[in-house]
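Written below as structure tokens is the structure these notes are about.
Predicted, not measured: the structure shown is a model, and the values here were computed from it. Order of the sequence lines sets the chain letters (A, B, ...), proteins ahead of strands, with each chain counted from 1.
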Amino acid sequence: MDFTLQHQAVNSQARAGMLETGHGTIETPIFMPVGTAGSVKGIHVKELKDDIQAQIILGNTYHLYLRPGTDIIEEAGGLHKFNGWGGPILTDSGGYQVFSLGDIRKLTEEGAKFQSHIDGSRHLFTPESVIDVQRKIGADIMMAFDECTPGDADYDYAKKSLELTQRWLERCVNQMEKTKPLYGHRQSLFPIVQGAVYTDLREAAAKHVSSIPSDGYAIGGLSVGESEADMYAMIEVVNPILPQNKPRYLMGVGTPINILEAIDRGVDMFDCVMPTRNGRNGMLFTKRGIINMRNKKWANDFSPVDADGTSFVDHHYSKAFLRHLIISNEMLGAQIASQHNLAFYLWLVKEARRQILVDNFKAWKEEMVQQLGKRL
RNA sequence: GGGGAGAUACCAAAGCGGCCAACUGGGGCAGACUGUAAAUCUGCUGUCUUAUGACUUCGUAGGUUCGAAUCCUGCUCUCCCCA
């Protein structure tokens, strides 16, 4: 997997690049829609490609392992074929579930014992098994198995957690070397930087992962309860240490403002459930600010969903109709909102890239941030 | 014509002498959501700009009682069954 750094902004750490995968080239900075169970919730592949113009999507190891099960995906010929997407796929390792399934999971040196959130059955994830599952899923980018340390972890916990993540990383790397891709395309493993909000831990973590040759590097354990100031500070600590000529992926982030701030600090790749989940829950992101579509003031606003938007849905439907759908709990409401939000997120990173290439990123970003935070 | 049941807040529906401004659903209004246990969750929803406060409510008019949405009587209306 080759990454080409095309342009480095002058008064910002922002970069524009190209990441070539076995399923297509990704232009960075990029936002990757999340498709936990193999599908970006509520979005057809056609809309994903043509309307939203997604270049890579996520899947989740834990969720796909539980349902439909690794065997089915292998029998299908990998996730690319199974879900009909065909483009690049990144799979999260289940490290986030170590965090989010706190009550029904137990960590040991060996790995993480989960109880299925579906039927309560017990499963063990190890760095090795997680690599094996991701081989079978066929992800272009596989994530190392980590502990996503909570944002409020104390220093002692964060340190021990980081050390566990580091030992797990070594095991992931070993397992990568022992195994091969199953479907004829290259698979890359991205290590993950942890260390909570502690500068020295983040530094150590960044140095550790940088010592391991990889096609890209991820920053994890952010947007998990810490302040935004801490999040930005940690990005600033980590990015100068990570290899310059490899893509950097900030996991799970974030709001449109978060993304622009992180691009400004040298991040290339993002994923987040916000555009889809918040969309389903009636929130729209636009370049002029945030819309809570359920608010009464939209009830008789027959203007387009987003006059500035790039998506078909932005101009085809009115705010009043979309509000009606969402209030009525109609499936289409969630679909339209998700499609709009994803199209907006992809527009945002595409425009950021364009501004980087014409050396106007910083000024553009400052202006955008003012608008994006507004509530309409 | 005969017999029976019932009228509670925007809707539905509990409550059947004090713990009732009134359970619970729905609806309404607002908020949350960041590598998805989420088409989910949380508030508020009689009036008084704030309230452990005041005031006005449970078809309607009276009555009993220290005290009534709850008991009694009249009236009005609704529904069901048999003709």
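Of the candidates A:F285, A:F270, A:Y345, A:W347, A:Y345 is the only one forming a ring-ring contact (aromatic ring centres under 6.0 Å, His included) with A:F31. The residue from A:P191, A:P247, A:S188, A:P243 that alone fulfils the side chain to side chain contact (heavy atoms under 4.5 Å, CB included) condition with A:S214 is A:P191.
Annotation: B:rU24 and B:rC33 have their C1' atoms spaced 27 Å apart (nearest Å). Nucleotides B:rU45 and B:rA83 have their C1' atoms positioned 48 Å apart, rounded to a whole Å. Nucleotides B:rG17 and B:rG62, compared at atom P, are 25 Å apart to the nearest Å. For the C1' atom pair drawn from B:rA69 and B:rC16, the interatomic distance equals 8 Å after rounding to whole Å. When the P atom is compared between B:rG35 and B:rG43, the two are found 24 Å apart, to the nearest whole Å. Comparing B:rG6 with B:rC71, their P atoms sit 10 Å apart, to the nearest whole Å. The same atom, P, is picked in B:rA13 and in B:rG26; the two are 16 Å apart, to the nearest Å. Separating the P atom of B:rU8 from that of B:rC79 is a span of 14 Å, rounded to the nearest Å.
B:rC71: Watson-Crick or G-U partner is B:rG63, with both key distances under 3.5 Å. Using the Watson-Crick or G-U wobble rule with both distances under 3.5 Å, B:rA13 pairs with nothing in any strand shown. If you check B:rG6 for Watson-Crick or wobble pairing at under 3.5 angstrom, you find it paired to B:rC77. Across all strands shown, B:rC20 forms no Watson-Crick or G-U wobble pair with both distances under 3.5 Å. The partner of B:rG27, taking Watson-Crick or G-U wobble pairs whose two distances both stay under 3.5 Å, is B:rU45. Using Watson-Crick or G-U wobble geometry with both donor-acceptor distances under 3.5 Å, B:rA32 finds its partner in B:rU40.
No engagement by A:R105 is indicated, since no non-hydrogen atom pair under 4.0 Å with the nucleic acid exists. Note on A:M283: a base of the nucleic acid sits closer than 4.0 angstrom, heavy atoms only. Using a 4.0 Å heavy-atom cutoff across all strands shown, A:E226 reaches no nucleic acid atom at all. Using a 4.0 Å heavy-atom criterion, one finds that A:G221 contacts the bases of the nucleic acid, with or without backbone contacts as well. Within the 4.0 angstrom heavy-atom criterion, base atoms lie near A:N258. Looking at heavy-atom distances under 4.0 Å, A:I118 makes no contact with the nucleic acid at all.
The distance between atom CH2 of A:W298 and atom P of B:rA30, rounded to the nearest whole Å, is 11 Å. Computed from coordinates, the A:Q115 CD to B:rA37 C1' distance equals 12 Å when rounded to whole Å. Following rounding to the nearest Å, A:M293 (CE) and B:rC29 (P) show an atom-to-atom distance of 12 Å. Regarding A:H63, its NE2 atom lies at a distance of 6 Å from the P atom of B:rA38, rounded to whole Å. In this entry the distance linking NE2 of A:H324 with P of B:rG28 reads 11 Å, nearest Å. Between A:M274 atom CE and B:rC41 atom C1' there is a gap of 15 Å when expressed in whole angstrom units. Whole-Å rounding puts the A:F31 CZ to B:rU36 C1' distance at 12 Å. Atom C1' of nucleotide B:rA37 and atom CZ of A:R122 are separated by 16 Å, given to the nearest angstrom.
For B:rA32, neither phosphate oxygen OP1 nor OP2 lies less than 4.0 angstrom from any side-chain nitrogen or oxygen of A:N281. Contact annotation: A:R323 side-chain N/O to B:rC29 OP1/OP2 distance is under 4.0 Å. Within the structure, every side-chain polar atom (N or O) of A:N278 is placed at least 4.0 Å from both OP1 and OP2 of B:rU34. Neither OP1 nor OP2 of B:rG35 sits under 4.0 Å from any side-chain N or O of A:Q97. Look at A:Q335 and you won't find any side-chain N or O under 4.0 angstrom from OP1 or OP2 of B:rA39. The phosphate of B:rU34 has OP1 or OP2 within less than 4.0 Å of a side-chain N or O from A:R277. Proximity of A:R294 to the phosphate of B:rG27: no side-chain N or O atom is located under 4.0 Å from OP1 or OP2. Close to B:rA37, at under 4.0 Å from its OP1 or OP2, lies a side-chain N or O of A:S100. In this structure, A:S223 does not reach the B:rU34 phosphate: none of its side-chain N or O atoms is under 4.0 Å from OP1 or OP2.
Counted by atom type alone, A:R105 and A:Q97 present zero donor-acceptor pairs between their side chains at under 3.5 Å. With hydrogens and angles left out, the side-chain atoms of A:D271 and A:Y249 include a donor and acceptor closer than 3.5 Å. Looking only at atom types and distance, the side chain of A:Q134 has a donor-acceptor partner in the side chain of A:T91 under 3.5 Å away.
Heavy-atom nearest nucleotides on RNA chain B were determined for A:K296 and for A:T149, and the one closer to the 5' end corresponds to A:K296. In terms of position along RNA chain B, the nucleotide closest to A:N292 lies nearer the 5' end than the nucleotide closest to the other residue of the pair A:L101 and A:N292.
When each of B:rU40, B:rA37, B:rG35 is scored by its nearest atom to the side-chain atoms of A:L58, the top-ranked nucleotide is B:rG35. If you check B:rU34, B:rA39, B:rU36 against the side chain of A:M331, the one that comes closest is B:rA39.
Taking the six-membered ring where tryptophan is involved, the planes of A:Y65 and A:F125 are perpendicular, since the angle between them exceeds 60° and thus also 30°. Ring geometry for A:H340 versus A:F344: interplanar angle under 30°, hence parallel rather than tilted (30 to 60°). Ring geometry for A:F321 against A:Y317 counts as parallel: the plane angle stays under 30°, on a 0 to 90° scale with 60° as the upper cut.
The base of B:rG35 does not come close enough to the side chain of A:N60 for any donor and acceptor atom to sit less than 3.5 Å apart.
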Checklist line | Verdict with supporting geometry, A:E170 and A:R167, salt bridge (Lys or Arg N to Asp or Glu O under 4.0 Å) | finding: CA-CA 5 Å; A:E170 314 274 351; A:R167 290 193 297 275; over 6 Å; no
